J.: 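Please read through the structure below; I'll follow up with questions.
Chain identifiers are assigned alphabetically (A, B, ...) following the order of the sequence lines, protein sequences preceding nucleic acid strands; residue numbering begins at 1 within each chain. Because the structure is predicted, anything quoted here is derived from the model rather than measured.
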Protein chains: 2
Amino acid sequence: MSNTTLKTISTVLGISISTVSRALKNHPDISNKTKQRVSELANTLDYEPNANAIHLRTNKSNVFGLVVPGISNYFYHSFIASVEEESRRQQFSLMILQSGDDPEIEMLNLKLLRQNRVSGLFASVSNSNKQIDAYLKLKEADIPVIFFDKVPDIPGCNRICVGDAEAARLSANTILQKNKKHVLAIFGDENLLITKKRLAAFMQAIDGKINVTVVHANSAASAEALTLENLLFKPDTVFCMSDEILAGTMKAIQRNSLKVPDDIGIIAISNGFIPTLYHPEITFVETSGYKLGKLAFNSMMSCVKGSTFFHDLTTQPVLVEGGSL
Amino acid sequence: MSNTTLKTISTVLGISISTVSRALKNHPDISNKTKQRVSELANTLDYEPNANAIHLRTNKSNVFGLVVPGISNYFYHSFIASVEEESRRQQFSLMILQSGDDPEIEMLNLKLLRQNRVSGLFASVSNSNKQIDAYLKLKEADIPVIFFDKVPDIPGCNRICVGDAEAARLSANTILQKNKKHVLAIFGDENLLITKKRLAAFMQAIDGKINVTVVHANSAASAEALTLENLLFKPDTVFCMSDEILAGTMKAIQRNSLKVPDDIGIIAISNGFIPTLYHPEITFVETSGYKLGKLAFNSMMSCVKGSTFFHDLTTQPVLVEGGSL
DNA sequence: AATTTTACCGCAAACGATTGCGGTAATGTT
DNA sequence: AACATTACCGCAATCGTTTGCGGTAAAATT
């Protein structure tokens, strides 16, 4: 049994295709008896409407594109999970593509998305201007584009980001509130925009009230090494800007067999998974890919529904208390 | 500028749609001059063929479906990344759906996939027979189904799995080789096929040579609790069947401030990420989602190309030495 | 009995791309 | 000059679904 179509049903029942179509959609023109017969046969024949035909006719694909540098990243895949969840709920499908930060692949991906007439696109982009232009072309073709996380630094586009400054501020205030006096603060690569934002906000919130040692790590391994070095100066708290850094720091803590939180306090900005892997669980400020996804999806829906207003949003980070501080 | 079609080009150039179509496909019937004019205009108008129209006509969607319980899982998203990579390379798109282990959603997903006339389906299924039937219906509709990871326990379907037995055997042999004498072995839900396979192979390899306590945990939390309980009996080694269990076990280890590997040895079957988060890094037998993805994709392609031969494959696991044993 | 209303249902065009078949003009062949 | 060949190109049907419009019978109204 290959694929049942309206025509199959219509010929079996000796009625027209239009009648079958209307019967299945509960159109008032069709008698109950006919509706009954049609829907029964449709069931036994496992009829499913051909989405391609519908999309062709309506010129709407009900498919959203989603482009990320790579799926294998906790932040992105929680984002993806979130968007997928909402999409399904709203009868949309998701076409997921990864660029691998390769401009050529990125262009191919865009072509594919256009061929599939996606109804909208979620994109986290490697910051090359040439690519951005290509994305903006989609907007001209009336395909809404929601940039998230890694967004282009130009106005007039929809941007949904985590609240970097707010997350750093919240972390700093939590540290102050706990009466900590000497913080080892480990940030990421100092050239990254995200690092700059978080560092500035963090220092501003600390406001010289307590002693802070700032270092920069660009990998879990270097975070581990830097933590080990600086443990010699007996900080009472370590702040980690990201999950990757937290992972490195925790290895150093374990290596030195330090008791958390008695020997040392830990607080991090995190997506929420890594902190649950330790005992006690790490206190963290959540920058949830999941929430970001919800936000991005809402933004997308309002675009799809015709809003021409540009969204420039950030998620509100939340403190999740573990037992590490 | 909305959407350019063949008709747009044909009317602008004053030629027929068929000619435009053939020109773009470099058909020999069309003169070079015409081809030139057509492709130039197509470029400036940013023409992209409408995938829906093509799929409708050819009755082939060139879209693969991919169903997993949840994306937010290191194993699955490395699998997804792998399959996406290959799909793109072979001009296929990927429609990813998560079931959340909810049978109802699973049925809705299947419906969606059928509506979209996917060319094939990768599925990891929660083991309910009713659902499996639905999947098998796809096969009847000539849609190849590749089950991976969590596969149904029935013959006559394509199954790509990690080498469960081999991984368990390798773990057991490693434990024996390290001269351990008392193992706490934590397995997953005892109804799952994967648990049965790993347990059987593990016990067979141990062959009564040393003392093994077997327990079953169905979450990280229960693994933690079970580990805590059984630490009272002073095992010299803990074997964890999966990453989730490993995470729970490590929290118990940390809670009791045990030194690894001096106080206790740890070995796990893992996808490779979690073990690197601890110091010392956990020795594990790798079951790579990435490799599994490549294998599954190859299997899919041979099905798509018409092979009716059933694939029942397993990946070869590898021991990765950390410092935990 | 003639007319209007109601209840059902079918025709045909449209969405965009592909392709077998047929057609016309220009060129080549005898 | 008559015919055959070549080089180009268009017509129309098709994939599956939707929908405006029109049509025909039966039922209701006068």
J.: Check D312(A) with R159(A), please: is the shortest side-chain N to carboxylate O separation under 4.0 Å?
T.: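 Result for this pair is yes, salt bridge flagged.
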J.: What integer distance in Å separates H55(A):NE2 from dT18(D):C1'?
T.: 13 Å
J.: Please tabulate the protein-to-nucleotide N/O contacts below 3.5 Å involving nucleotides 13-15 of chain D, giving atom names and distances.
T.:
residue: dT14(D); atom: O2; partner: R57(B); partner atom: NE; Å: 3.3

J.: Does R89(A) come within less than 4.0 Å of E86(A), counting only side-chain N to carboxylate O?
T.: yes
J.: If you assign T34(A) and E48(B) each to the DNA chain C nucleotide with the nearest heavy atom, which residue ends up on the more 5' nucleotide?
T.: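 Between the two, 5'-proximity favours T34(A).
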J.: Which one of T11(B), T5(B), T4(B) satisfies the side chain to side chain donor-acceptor pair (under 3.5 Å) criterion with T8(B)?
T.: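 Filter result, single survivor: T5(B).
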J.: Tell me whether E85(A) is salt-bridged to K294(A), with the criterion being a basic N under 4.0 Å from an acidic carboxylate O.
T.: yes
J.: For I15(A), answer base if it contacts any base atom (sugar-phosphate contacts may also be present), sugar-phosphate if it contacts only those atoms, and nothing otherwise; contact means non-hydrogen atoms under 4.0 Å.
T.: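 Sugar-phosphate: the residue I15(A), judged by heavy atoms under 4.0 Å, touches backbone atoms but no base.
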J.: Do side-chain atoms of T19(A) reach the backbone of I15(A) as a donor and acceptor pair under 3.5 angstrom?
T.: no
J.: Send over the distance from R37(B) CZ to dC8(D) P, rounded to a whole Å.
T.: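 Whole-Å distance recorded here is 14 Å.
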J.: Grab the CD1-C1' distance between I9(A) and dT17(D) for me, whole Å please.
T.: 12 Å
J.: What is the distance, rounded to the nearest whole Å, between atom CG of D29(B) and atom P of dT24(C)?
T.: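 That distance rounds to 16 Å.
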J.: Rounded to whole angstrom units, what separation is found between the CG atom of L45(A) and the C1' atom of dG16(D)?
T.: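 Distance, rounded to whole Å: 16 Å.
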J.: Using modelled atom types and a 3.5 Å cut-off, is there a donor and acceptor pairing between side-chain atoms of H27(A) and backbone atoms of D29(A)?
T.: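 Yes.
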J.: Among residues 18-27 of chain B, which residues get a heavy atom nearer than 4.0 Å to DNA chain C?
T.: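 DNA chain C contact set from residues 18-27 of chain B: S18(B), S21(B), R22(B), K25(B).
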J.: I'd like to know if the side chain of S18(B) pairs up with that of S21(B) as donor and acceptor (distance under 3.5 Å, no hydrogens or angles considered).
T.: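 No.
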J.: Indicate, with yes or no, if the rings of Y290(A) and F79(A) have centres closer together than 6.0 Å.
T.: no
J.: Can you tell me the distance, in whole Å, between the CG atom of L13(A) and the C1' atom of dC9(C)?
T.: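 Rounded to the whole Å, the gap is 13 Å.
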J.: Send over the distance from Y47(B) OH to dG16(C) P, rounded to a whole Å.
T.: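 Atom-to-atom, Y47(B) to dG16(C), this comes out as 10 Å.
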J.: Just by distance, with hydrogens left out, do N3(A) and Y47(A) show a side-chain donor and acceptor under 3.5 Å apart?
T.: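 No donor-acceptor contact under 3.5 Å links the two side chains.
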J.: Please report the distance, rounded to the nearest Å, between NZ in K35(A) and C1' in dC9(C).
T.: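 Those two atoms, NZ and C1', are 13 Å apart.
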